[in-house]
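Have a look at the structure below before the remarks.
Keep in mind it's a predicted model, so treat the numbers as computed, not measured. In the text below, chain A, chain B and the rest are named by the order of the sequence lines, each starting its count at 1.
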There are 2 protein chains.
Amino acid sequence: MTTDKNDTKTKIMDTAEGFIVQGGYNAFSFRDIADAVGIKSASVHYHYPTKADLVSAVMARYTESFSIQLPDPTDESLDPKIMINGFIDGFKAKIVDQRDMSLCTMLTSNKPILPEAVCVELAAFYQLILDWLTQVFMRLNEATEKIGFMQASQLLACLHGASILVQGTNQPDFFDHALSDFRSRYL
Amino acid sequence: MTTDKNDTKTKIMDTAEGFIVQGGYNAFSFRDIADAVGIKSASVHYHYPTKADLVSAVMARYTESFSIQLPDPTDESLDPKIMINGFIDGFKAKIVDQRDMSLCTMLTSNKPILPEAVCVELAAFYQLILDWLTQVFMRLNEATEKIGFMQASQLLACLHGASILVQGTNQPDFFDHALSDFRSRYL
DNA sequence: GTCTATAATTTGATAGAC
DNA sequence: GTCTATCAAATTATAGAC
């Protein structure tokens with residue numbers, strides 16, 4: 001089965017993603033991955049020759065999973081308000097419940113030291129998310145693309161910032177504090 | 001002179017801060033510092049025995065410099081609106097003009113892998129900034145501490161998030177986009 | 001206060017056996 | 001696909017001369 005969720009490649013990516021959201025690109029080694037998965041580091045290199053390959057794959061999978069889960073923003077049968085709230089709740093689940101930073105926030109903070117291949121995947125993620133949010137906000141507020149894009153930027157900044165604040169203060173309440181005005185205005 | 005701004009300790013801290021805001025705690029070595037300052041790594045260890053000592057000192061200096069620059073929030077002769085705008089502009093200068101993340105944002109994202117001593121300094125920074133912002137917002141909106149604290153949280157999240165977005169997209173405009181609603185509502 | 005020298009460990013990565 | 005073995009380089013840190 002090519003879509004086996006328990007094969008070694010998947011386990012490696014899951015483990016890598018876990019390490020990255022904890023401390024970033026430089027905070028783990030191939031041996032860390034190998035130990036966690038229960039294989040040797042040479043076997044990790046067999047699946048992902050270089051660290052850039054591995055982290056690129058993790059980031060690409062992250063984008064892909066968003067791409068699959070996000071509903072079609074032009075689907076008239078869907079309420080844009082519910083779409084945005086679903087997006088926020090998904091983010092909150094990661095930040096507050098799992099107490100992790102998002103992969104996107106973490107890798108973005110490491111951008112100046114990231115291999116080019118990872119930066120490309122990161123840029124693809126931003127493109128996907130900002131496009132989607134822009135389209136949903138355009139419908140929500142019957143607004144121009146420019147306005148929709150501004151609101152998308154605001155929400156994305158709010159979410160990034162909320163995750164930093166929760167991490168920095170250890171107080172999950174900061175997530176809802178940071179989002180409260182945005183929610184009461186648009187949602 | 002104990003306040004010499006060009007002594008070796010200061011050069012080391014300046015260099016370390018530059019490296020940290022680029023890639024975080026794990027993205028530089030004592031040799032990187034030594035090369036940039038023009039000494040040997042053993043000499044860096046003479047001034048700061050461990051990496052935890054060095055980064056703690058950098059973070060403590062950062063907090064201290066904020067502490068000195070922030071005006072007294074209870075000074076009735078000062079306009080709270082101007083105080084907040086000054087705070088935002090100072091942040092913007094670092095993010096947009098220097099194209100760096102703030103030291104606080106960067107180290108917070110690395111928090112799970114930070115030595116305890118650095119976490120202590122980071123917590124002290126959050127305490128200082130949130131207290132100051134809370135007091136200024138209480139005056140600005142003649143609000144309770146709870147409300148002031150909520151607005152302080154929102155602004156701080158916005159600023160953190162804006163810096164991530166600017167970094168991730170390479171578009172400085174995101175800073176003002178992310179802040180626009182906050183500005184038009186309170187400032 | 002800075003240096004040389006070096007220890008002990010970790011890192012990303014490869015060669016080749018099974 | 002996983003292993004053992006290994007490499008070259010880098011890492012944090014220390015000892016001791018000047």
Exercise. Any side-chain N or O of B:Tyr46 under 4.0 Å from OP1/OP2 of C:dG1?
Worked result: yes
For this session: Applying side-chain hydrogen bond (donor to acceptor under 3.5 Å, both in side chains), name anything that partners B:Asp14, two or more places apart in sequence or on another chain.
Result: B:Arg61
Problem set entry | Rounded interatomic separation in angstrom, taking CD1 from B:Ile33 and C1' from C:dT2 | 17 Å
Exercise. C:dA13 P sits how many Å from A:His45 NE2, rounded?
Worked result: 6 Å
Exercise. Is it true that A:Lys92 and A:Asp97 have a side-chain N and a carboxylate O under 4.0 angstrom from each other?
Worked result: no
Just the atom pairs and distances: protein N or O near nucleotides 7-11 of chain C's N or O, under 3.5 Å.
| unit_1 | atom_1 | unit_2 | atom_2 | d |
| --- | --- | --- | --- | --- |
| C:dT11 | OP2 | A:Ser29 | OG | 3.2 |

Exercise. Taking NZ from B:Lys9 and C1' from C:dT2, how many angstroms apart are they, rounded to a whole number?
Worked result: 15 Å
Report all side-chain donor-acceptor pairs from residues 112-128 of chain A shorter than 3.5 Å, counting only partners two or more places apart or in another chain.
| unit_1 | atom_1 | unit_2 | atom_2 | d |
| --- | --- | --- | --- | --- |
| A:Tyr126 | OH | A:Thr108 | OG1 | 2.8 |
| A:Tyr126 | OH | A:His160 | NE2 | 3.3 |

For this session: State whether A:Arg183 and A:Asp89 are salt-bridged, where the test is any N-O pair (Lys NZ or Arg NE/NH1/NH2 against Asp/Glu carboxylate O) under 4.0 Å.
Result: yes
Exercise. Do we see a donor-acceptor contact under 3.5 Å between the side chains of A:Asp131 and A:Thr134?
Worked result: no
For this session: Check whether any side-chain N or O of A:His47 sits under 4.0 Å from OP1 or OP2 of D:dT2, and answer yes or no.
Result: yes
Seminar exercise, completed: Those residues at least two apart in sequence (or on a different chain) that pass salt bridge (charged side-chain N to carboxylate O under 4.0 Å, His left out) with A:Arg139 are none
Exercise. Taking OP1 and OP2 of D:dT12, is either one under 4.0 Å from a side-chain nitrogen or oxygen of B:Thr50?
Worked result: no
Can you give me every donor-acceptor pair (side chain of residues 31-48 of chain B, partner residue at least two apart or in another chain, under 3.5 Å) with its distance?
| unit_1 | atom_1 | unit_2 | atom_2 | d |
| --- | --- | --- | --- | --- |
| B:Asp32 | OD2 | B:Ser29 | N | 2.9 |
| B:Asp32 | OD2 | B:Ser29 | OG | 3.3 |
| B:His45 | ND1 | B:Pro49 | O | 2.8 |

Exercise. Do B:Phe149 and A:Phe174 make the cut of ring centroids closer than 6.0 angstrom?
Worked result: yes
Protein-nucleotides 3-5 of chain C N/O pairs under 3.5 Å:
| unit_1 | atom_1 | unit_2 | atom_2 | d |
| --- | --- | --- | --- | --- |
| C:dC3 | OP2 | B:Lys40 | N | 2.6 |
| C:dC3 | OP2 | B:Ser43 | OG | 2.9 |

